[in-house]
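Read the structure below first, then the notes.
Owing to the predicted nature of the structure, the values given are computational and were not obtained by experimental measurement. In what follows, chains are A, B, ... by sequence order, proteins preceding strands, each numbered from 1.
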Amino acid sequence: MMDVSNLLDNLNEPQRECVAGPKGSSLVLAGAGSGKTRVLVHRIAWLIKAEGISPFSILAVTFTNKAASEMRARIEDLLGSSLRGMWVGTFHGIAHRILRAHYEDAGLQRDFQILDSDDQIRLVKRVILSLDLDEKKWPARQATWWINSQKDEGLRPKNIEHMDDLYLKTHLVIYTAYEDACLRGGMVDFAELLLRAHELWLKKPELLKHYQNRFSALLVDEFQDTNSVQYAWLRVLAGNNDNLMVVGDDDQSIYGWRGAKIENIQQFSKDFPQSNTIRLEQNYRSTSNILKAANGLIDQNFGRLGKELWTDLGDGEPLNLFAGFNEIDEARYIVDRIKDWISQGNMRSEAAILYRSNAQSRVLEEVLLRSQIPYKIYGGQRFFERMEIKNVLAYMRLISQPHSDSAFERVVNTPPRGIGSKSVDEIRGFARGNNISLWDASQRLVENNFLSARASNSVRGFLDFVVLLTKKSEQLDLEEIVELVVRESGLKEYHMKEGGERGQARLENLAELVTAAQTFDPSFEYLLDDDGLEPEESRLSDLEEFLSHASLEAGEQQAGDSEDCIQMMTMHSAKGLEFPLVFLAGMEDGLFPHTMSMEEPGRLEEERRLCYVGITRAMRKLYLTYAESRRIHGNETMNRPSRFISEIPEEVLKEVRMNNTVVLNTPKRKIRDGAVDGTDLRLGQRVIHEKFGEGVILNYEGNGTSARVQVNFNSGSKWLVVAYANLKAVG
DNA sequence: AAGATAGTCGTTTTT
DNA sequence: CGACTATCTT
């Protein structure tokens, strides 16, 4: 019993309530810096130690691999023992495991492969081309985005009404053809993993029951980021077991644009009426002034669940606001403050520069470089998504699955071996005509001399090479296979020729891939059954396991040299982190909030939450900076200071004005309260229209009989005159 | 078929 | 401005 009370030490009252509360469902509204991860970690330890629940019966879900491994490590640290058998993973990782174990029930091939977003776009592009659609008019990116949003909502083509709308109709055709291509090729994209895992529950009740019995506790982190399918999957898995604890913060929901449903938080209380709600409002991270700024800002949003952060760390310094003439001036100011910081004996890694969009990093980089201050930029390209890496992986895929068309297309002429687009078109046409893979098609074309002599030779060379690789690799282990491919594919020489820093980096990455294969531990990926063993039929080879791992875990930032560096990243990627010194750069209307998000109230609110996330990263010192003039896409633009600045209480802001005396004149008033005057409608209201169906009010203008509202229907958004539209309120 | 040059178009990101 | 594509030249 001694260990158990230990778990509650140094926790505040609501935290204890979360950790030691009864086994029933609960919703934890955890403000920024309120010890959310700590609560989750201690809760799991408590379930094991005090409630006697086996780790084997616990499922903890996160959004990123990093969060998952951190959680596992912290629990193991707390318990002092390994957590073999406990499921801690991302939604996608867990869905993947389940689909592998029950691939037949899920209607998948045993060796189905996972498409990453790049693969997916490529495939959609092929589908669009094969449908004889104009790819200018129907860009693959957009179609992919559309398909993913449907899947995120749990919609299959058969569930979607096209209503004679050309946009919907065409995308529906693409979606259907794409789904067909995936099924035939044994390919599953990220959204599909989730959707299929959910459908599996519905389709196979015995299987669902098995997992419902297995898990006596379900825990979810970052709940505000769940999309419709993820939540549906959870809800079905929880069933009537009353064992689901979700932790989240509606004020930090910043991924609505990729399907996250902030409403899931409210929905949770409705779906689990017996659940209790606990608020964590004491912040252990920031000074009171920083929290006042954050609270003041977020108070401008409507429909919040309500939460006010407080701290006993003291007021601290006021926030500094700086206006630069232009972005270079802004960067210089930031770097000067960083110099001060360092000269006061602080670590560089304790300082972070956060911005809205990646493009902003460039100027900052230049100035830091000139001042010889080491920095590190987070985000951007991930390891397994790099072109050179994906090429090697494609050869490896062909070794294990020569019929993988996506892998074939990728490397058939990489490095260039004389098989141009015309030859590939020929192969593709033959493959489609005979309903066979590109591999089989090229084999037959070569055998029957259907290609020109030159092309035939090149294609034969490629086929022979892959066969040779396959033969050789039979005797080799994973890392030796990687070495073999890198050595003999000619990719090394190909990138060597590219020269420059870029080519050099690519070569280094190839070497890094060998290391990644060396250190890869497939046992971690295995699906353990009740007896602690993986069901034999679902076991994949190390090679296949590695390939799945590569798509599912795009790879941490390149094994970072651990030099003490200034941290630079977007505000999105800063979520969950904290720094003693924080700069929010580019606080200008148009940049932040971004132009594309300024029109719709809903999206503006999300930008505001992003700003809230940015502010709450700061522990002690926070600087807000903006530029009066900025080069965007090559031309000078003048922007007003961000409206968010004026939403921060004046008393915590100190304006640092070194250059001139321009005064902030953004109007300071509470923006519209959301009610459409003279009607019974308000922003965010769900309504039904006779013809367009159900939708949500995004915006309005005018009042009374002249009031118009913008409603977002499934088919797109429309402006309607309230007096004529006959909208019926829902819910 | 491969390399060179002109044209386009610009959020945020994980899996 | 600069990364990525489409089209042209050899």
Side-chain angles (χ1 to χ4, degrees), chain A residues 61-68 89-96 114-120 125 135-136 139-141 145 148 151-152 188-195 197 222 225-227 229-230 253-260 327 354-360 362-363 366 378-382 384-385 387 412-425 452 454-455 458 494 497-498 502 548-556 569-576 586 590-598 603 606-607 609-611 613-614 630-637:
Chain A
V61 194
T62 63
F63 272 82
T64 65
N65 292 301
K66 196 174 151 214
T90 63
F91 274 104
H92 297 266
I94 287 161
H96 173 237
I114 302 164
L115 298 180
D116 68 21
S117 15
D118 186 52
D119 303 330
Q120 192 189 11
K125 192 169 186 169
E135 58 174 332
K136 286 248 173 59
R141 269 188 174 285
W145 185 85
N148 287 339
K151 289 193 181 186
D152 285 346
V188 173
D189 60 50
F190 290 131
E192 184 75 23
L193 285 171
L194 303 172
L195 180 50
E222 304 279 17
D225 288 338
T226 49
N227 67 28
V229 170
Q230 287 163 333
S253 161
I254 54 176
Y255 288 112
W257 51 275
R258 66 176 201 221
E327 73 276 16
L354 310 181
Y355 34 79
R356 174 65 235 264
S357 68
N358 285 308
Q360 286 171 253
R362 184 170 244 109
V363 186
E366 278 167 19
Y378 292 80
Q381 266 247 305
R382 306 193 113 61
F384 285 110
E385 280 165 5
M387 190 228 300
V412 64
N413 198 35
T414 312
R417 52 169 67 84
I419 307 173
S421 54
K422 226 169 139 228
S423 307
V424 177
D425 275 347
S452 71
R454 245 173 81 163
S458 307
Y494 176 58
K497 258 200 300 201
E498 200 177 1
R502 220 195 174 85
S548 292
H549 169 86
S551 359
L552 220 44
E553 187 161 344
E556 303 288 293
M569 67 196 85
T570 63
M571 290 182 223
H572 279 95
S573 18
K575 192 166 78 160
L591 234 198
F592 190 37
H594 198 278
T595 333
M596 321 225 48
S597 305
M598 277 179 5
R603 301 185 67 182
E606 183 156 306
E607 295 273 307
R609 292 193 291 270
L610 183 58
C611 187
V613 168
R630 179 182 298 270
R631 263 188 120 77
I632 296 177
H633 311 322
N635 21 350
E636 294 279 323
T637 37

ask   = Ring stacking, A/W257 with base of B/dT12, under 5.5 Å and under 30°?
value = yes

Separation of atom CD1 in A/I114 from atom C1' in B/dT14, rounded to whole Å = 14 Å

task = Rounded to the nearest angstrom, tell me the gap between atom OH in A/Y355 and atom C1' in B/dT13.
result = 13 Å

key: Euclidean distance, atom CG of residue A/N227 to atom C1' of B/dT13 [Å, nearest integer]   = 14 Å

Within the sub-3.5 Å range, which N or O atoms of nucleotides 3-10 of chain C have a protein N or O partner, and how far apart are they?
unit_1 : atom_1 : unit_2 : atom_2 : d
C/dA3  : OP1    : A/R362 : NH2    : 3.0

task = Consider the side chain of A/H633, meaning its heavy atoms from C-beta on, and name the nucleotide among C/dC1, B/dT12, B/dT15 that approaches it most closely.
result = C/dC1

ask   = Is the backbone N or O of A/N227 less than 3.5 Å from a side-chain atom of A/Q230, with the two atoms forming a donor-acceptor pair by type?
value = yes

request  = Please check if the side chain of A/S458 supplies one atom and the backbone of A/R417 the other of a donor-acceptor pair under 3.5 Å.
outcome  = yes

task = Could you check whether A/N358 gets within reach of a base, just the sugar-phosphate, or nothing at all, counting any heavy atom under 4.0 Å?
result = sugar-phosphate

request  = Can you sort out the partners of A/D119 under salt bridge (charged side-chain N to carboxylate O under 4.0 Å, His left out), two or more places apart, ordered by chain and number?
outcome  = A/K390

query = salt bridge (charged side-chain N to carboxylate O under 4.0 Å, His left out) between A/R382 and A/E385: does it pass, once the steps are laid out?
reply = CA-CA 5 Å; A/R382 306 193 113 61; A/E385 280 165 5; 5.8 Å; no

query = In whole angstrom, what separates A/K66's NZ from B/dT15's P?
reply = 10 Å

task = Tell me what A/E607 touches on the nucleic acid: a base, only sugar-phosphate, or nothing, going by heavy atoms under 4.0 Å.
result = base

inquiry  = With a 4.0 Å cutoff (strictly under), does any side-chain N or O of A/N65 reach OP1 or OP2 of B/dT14?
reply    = no

ask   = Closest heavy-atom contact between A/L610 and A/M571?
value = CD1-CB, 3.6 Å

ask   = What pairs with A/R356 under salt bridge (charged side-chain N to carboxylate O under 4.0 Å, His left out), at least two apart in sequence or on another chain?
value = A/E607

ask   = Rounded to the Å, how far apart are A/L610 CG and B/dT12 P?
value = 11 Å

task = Looking at every strand, decide which applies to A/S117 at a 4.0 Å heavy-atom threshold: base, sugar-phosphate, or nothing.
result = base

task = Report yes if a side-chain nitrogen or oxygen of A/T90 is closer than 4.0 Å to either non-bridging phosphate oxygen (OP1 or OP2) of B/dT15; otherwise report no.
result = no

Listed pairs, N/O of protein and of nucleotides 1-5 of chain B, under 3.5 Å:
unit_1 : atom_1 : unit_2 : atom_2 : d
B/dA1  : OP1    : A/G420 : N      : 2.7
B/dA1  : OP1    : A/S423 : OG     : 3.1
B/dA2  : OP1    : A/G418 : N      : 2.9
B/dA2  : OP2    : A/N413 : ND2    : 2.9

request  = Would you mind checking if A/D225 and A/R258 are paired as a salt bridge, meaning a charged N to carboxylate O distance below 4.0 Å?
outcome  = no

query = Rounded to the nearest Å, what distance is computed from the NE2 atom of residue A/H594 to the P atom of nucleotide B/dT12?
reply = 7 Å

task = Could you give the distance separating B/dT13 and C/dC4 at their P atoms, to the nearest angstrom?
result = 15 Å

request  = Please report, rounded to the nearest Å, how far the P atom of B/dT13 is from the CE atom of A/M569.
outcome  = 11 Å

message = Can you list everything that forms a salt bridge (charged side-chain N to carboxylate O under 4.0 Å, His left out) with A/E192? Sequence neighbours excluded, please.
response = A/K151, A/R156, A/R196

inquiry  = Quick check against the 3.5 Å criterion: does A/Q360 have a side-chain atom that pairs as donor or acceptor with the backbone of A/S357?
reply    = yes

key: Nearest-Å distance for atom pair CG/C1', residues A/N148 and B/dT14   = 12 Å

query = Who are the salt bridge (charged side-chain N to carboxylate O under 4.0 Å, His left out) partners of A/R631, not counting sequence neighbours?
reply = A/E636

